Amino acid sequence: MKTLVIVESPAKGKKIQGYLGSEYKVKASFGHIRDLPAKKEDIPKKYQGESWARLGIDVQKGFEPLYIVPAEKKAVIAELRKLAGEADEVLLATDGDREGEGIAWHLVRALGLKGNFKRMVFHEITQDAIQRAVQNTRPLDYALVGAQESRRIIDRLCGYGVSPALWQSIGSGLSAGRVQSAALAALARRELARMNHVHADYWRVLAQVMPEGEGADPFTAVVVSIKGQPLAGPKDYGADGQLKADSPALAITGEQAAQTVAFLKAKGVKVAKVETSAYSTKPPAPFTTSTLQQAASRALKMGAKRTMEVAQRLYEGGRITYMRTDSPALSEEATEAARAVAVGLFGDRCIPAAPRTFAAKGNAQEAHEAIRPAGKDFKAPDQTGLSGEELSLYRLIFTRTVASQMTDLQGSKTTLHLKSGGVGLQSSGRVILDPGFTRLYNDETDKKDEQQLPNVAEGQALPVKDARAEVKKTPAPGRFTEASLIKALENAGVGRPSTYANIIEVLKNRQYTALVKDQLHVTWLGLVVAAYLQDQFPALVDLAFTVKMEKDLDRIAVGELKREAYLTEFWTNGLEQTIRAARHGPPALALGKFAGVVVTARQEQIVMVRDGKAVPLGLALVPDTLTPELVETIMAGETVRPRESRGPAPPATGKARKSSARRKKTA
DNA sequence: CAGTGAGCGAGCTTCCGCTTGACTT
């Protein structure tokens with residue numbers, strides 16, 4: 001054997017081995033192979049006495065990290081070290097992104113490589129691309145490694161720096177971090193907005209208008225204005241249930257609505273204007289991890305974690321490309337394959353003359369291509385022999401990929417403007433002229449209110465067959481689902497494809513959030529933790545924190561910013577001071593709608609307090625379902641036991657969490 | 001005198017990101 005090639009994933013390695021032949025030995029590192037020690041028992045004896053040992057970073061000495069090989073990686077390192085010793089050269093073919101560069105450097109150190117190594121990078125796995133990558137190796141990029149280390153150090157300092165403040169203030173075993181705390185804060189803001197939302201009633205008036213001609217069907221028009229003033233809808237009301245001060249809209253009473261109904265029935269309507277415009281809709285881009293999780297959630301009702309498990313099996317079975325990616329780009333061969341499948345299904349005219357290309361968003365690292373069927377001939381779903389969830393997910397990926405190369409949907413949108421005295425009405429409808437890609441893949445973006453409108457002429461008078469008024473309530477902002485939270489995090493640049501599903505698992509394991517039907521709600525514990533962090537560490541819960549970090553890491557990666565200077569500014573002159581100055585003690589969360597009631601933590605429990613009486617809150621009670629009656633029931637409960645009292649100690653939230661976390665770990 | 005249990009104090013918890021199996025429940 002001459003050359004050892006090290007990749008991150010064994011499935012990838014197997015494939016590349018086939019392209020490279022027996023002159024090369026391809027092996028996997030199984031991701032990162034060294035890390036900061038997580039627990040005290042992982043810290044080597046000689047460092048255990050050091051003041052910085054708990055952090056695993058000697059902040060006084062240029063933020064030097066203490067790296068260890070985790071127990072489960074010892075065997076991998078031993079084997080790689082042996083093979084590296086037998087090889088003339090080692091090609092570090094880890095992913096072409098910041099983390100991949102970091103892994104490559106850790107391999108150099110852990111395997112004790114001495115100059116006989118090069119960096120090999122590729123973005124798609126084809127014979128050509130692999131051959132090219134082998135010919136075009138480059139040296140290790142130490143500045144990029146520095147950016148990766150800085151990222152790791154920042155996350156450790158945030159997580160292990162701030163979590164103890166939560167133990168002292170709210171309960172033991174709690175956690176904070178750059179990613180999870182930003183996600184928790186987003187969930188908490190939404191839950192609080194729902195709790196504080198005041199519904200407003202508004203009226204809608206609808207008319208069934210009869211076009212001319214025999215056998216014609218009535219169509220629905222909605223009243224949009226009275227005497228030139230627009231009618232108030234949900235957008236015109238604030239969260240306090242009041243009409244917004246700057247809103248020009250008219251809020252009508254039930255009486256006025258009834259009068260309008262009677263008026264329309266008696267007078268009929270006149271066609272004031274007919275507007276028709278063509279529109280087209282592009283197919284959505286091929287899947288990234290985030291969009292796959294969103295689509296699987298909508299179409300298949302699969303959670304993020306489950307989606308990734310099934311996708312992993314498809315990947316290992318050679319059915320799809322890599323499932324953790326932030327790039328929607330298709331390789332040339334995949335683009336051709338998708339177009340060929342489309343033509344086979346729907347004929348020559350279902351694809352545009354020029355292939356479509358898709359670019360990643362700004363913050364993407366693009367180490368991989370989009371998630372798509374593997375190979376250069378996509379297997380049709382029913383020819384795969386797959387079944388159950390694997391088949392469903394494969395079909396979703398197959399259709400999305402092929403549809404991405406098909407023609408736009410072409411349609412025509414018509415809006416009828418109707419009048420009846422001072423009352424203005426509107427009716428709109430769409431006609432699909434060419435379904436384009438939607439013949440294969442239909443995103444949920446389709447509108448439900450697609451009525452076929454009749455041909456009418458401007459100035460024409462039409463009778464109103466029926467009219468009715470309905471009262472509606474302005475809706476509170478909707479809860480996040482797993483999918484919509486992932487989308488929000490991705491848009492903010494928080495988290496990575498390999499961690500999206502995990503972020504939600506962490507929030508669930510900490511009992512900061514729970515699923516109710518398909519929606520994520522924040523627990524009382526989550527609200528109290530979020531309130532504390534918002535008070536004491538506002539920078540940590542700001543979605544902009546990661547954006548700033550990424551910019552700084554990019555500067556480190558190109559050598560514009562020194563790692564140590566950046567970390568000194570962040571920690572020594574920043575977060576460390578904030579931690580020192582942080583107030584210890586739980587926040588008192590006032591519940592706007594319930595005067596005199598406060599939620600806070602006492603002796604490791606979340607309690608509701610009124611007039612000095614504190615009662616523990618059950619974890620099952622969803623915060624935004626709290627009612628005045630429920631408050632009374634809770635407050636009639638048993639007071640939280642003072643620490644001095646005899647008798648069995650109340651179950652601590654920390655204990656409960658710990659045991660559930662343990663179970664998780666061993667599972 | 002031996003065994004039990006209350007009470008006290010010490011020690012631990014925690015991050016993000018990259019990868020799969022080896023474990024239970």
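Throughout, protein chains are lettered first and strands after them, A, B, ... in sequence-line order, and every chain is numbered starting at 1. Only a predicted model underlies this, so the values are computations on that prediction, with no experimental measurement involved.
The distance from atom CZ of A/Phe537 to atom P of B/dT14 is 18 Å, rounded to the nearest whole Å. Separating the NZ atom of A/Lys73 from the C1' atom of B/dA22 is a distance of 14 Å, rounded to the nearest angstrom. Atom pair A/Ile57:CD1 and B/dT14:P shows a separation of 17 Å (rounding to whole Å applied). Rounded to a whole Å, the CG atom of A/Leu157 is 13 Å from the P atom of B/dC16. Rounded to whole angstrom, the span from the NE2 atom of A/His106 across to the C1' atom of B/dG17 amounts to 11 Å.
Stem regions annotated for DNA chain B: none, counting only runs of 3 or more consecutive pairs of Watson-Crick or G-U type with both contacts under 3.5 Å.
In this structure A/Lys73 satisfies the side-chain contact (heavy atoms from CB on, under 4.5 Å) test together with A/Phe30, A/Ile33, A/Val69, A/Pro70, A/Val76, sequence neighbours excluded. Partners of A/Ala176 by side-chain contact (heavy atoms from CB on, under 4.5 Å), not counting sequence neighbours, listed by chain and number: A/Val162, A/Ser163, A/Leu166, A/Ser181, A/Leu533, A/Leu540. By the side-chain contact (heavy atoms from CB on, under 4.5 Å) test, A/Val90 is found to be paired with A/Leu4, A/Ile6, A/Ala84, A/Leu92, A/Leu113, A/Phe117, residues two or more places apart in sequence or in another chain being considered. Partners of A/Ala183 according to the side-chain contact (heavy atoms from CB on, under 4.5 Å) rule, which considers only residues two or more places apart in sequence or in another chain, are A/Leu489, A/Ile503, A/Leu507.
The aromatic ring of A/Trp167 sits over the base of B/dT13, with ring centres less than 5.5 Å apart and planes tilted by under 30°. Residue-nucleotide stacking is not present for A/Phe30 and B/dT20, judged by a side-chain ring centre under 5.5 Å from the six-membered base ring centre and planes under 30° apart.
Taking for each of A/Gly31 and A/Gly161 the nucleotide of DNA chain B with the nearest heavy atom, the 5'-most of the two is the partner of A/Gly161.
Close to B/dT14, at under 4.0 Å from its OP1 or OP2, lies no side-chain N or O of A/Arg156. A close approach under 4.0 Å does occur between a side-chain nitrogen or oxygen of A/Arg324 and OP1 or OP2 of B/dT20. For A/Ser163, no side-chain nitrogen or oxygen approaches OP1 or OP2 of B/dC15 to under 4.0 Å. Contact annotation: A/Ser498 reaches the phosphate of B/dC18 (side-chain N/O to OP1 or OP2, under 4.0 Å). The shortest distance between the side-chain N/O atoms of A/Ser9 and the OP1/OP2 oxygens of B/dT20 is below 4.0 Å.
Side chains of A/Ser175 and A/Arg510: a donor-acceptor N/O pair is present below 3.5 angstrom, by distance only.
Looking at the side chain of A/Asp155, the nearest of the listed nucleotides B/dT20, B/dT14, B/dC16 is B/dC16.
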Side-chain donor-acceptor pairs of residues 153-160 of chain A under 3.5 Å, sequence neighbours excluded:
unit_1, atom_1, unit_2, atom_2, d
A/Asp155, OD1, A/Arg178, NE, 2.5
A/Asp155, OD1, A/Arg178, NH2, 3.2
A/Asp155, OD2, A/Arg151, NH1, 2.8
A/Asp155, OD2, A/Arg178, NH2, 3.0
A/Arg156, NH1, A/Pro37, O, 3.1
A/Arg156, NH1, A/Leu55, O, 2.8
A/Arg156, NH2, A/Pro37, O, 3.1
A/Tyr160, OH, A/Ala38, O, 2.8

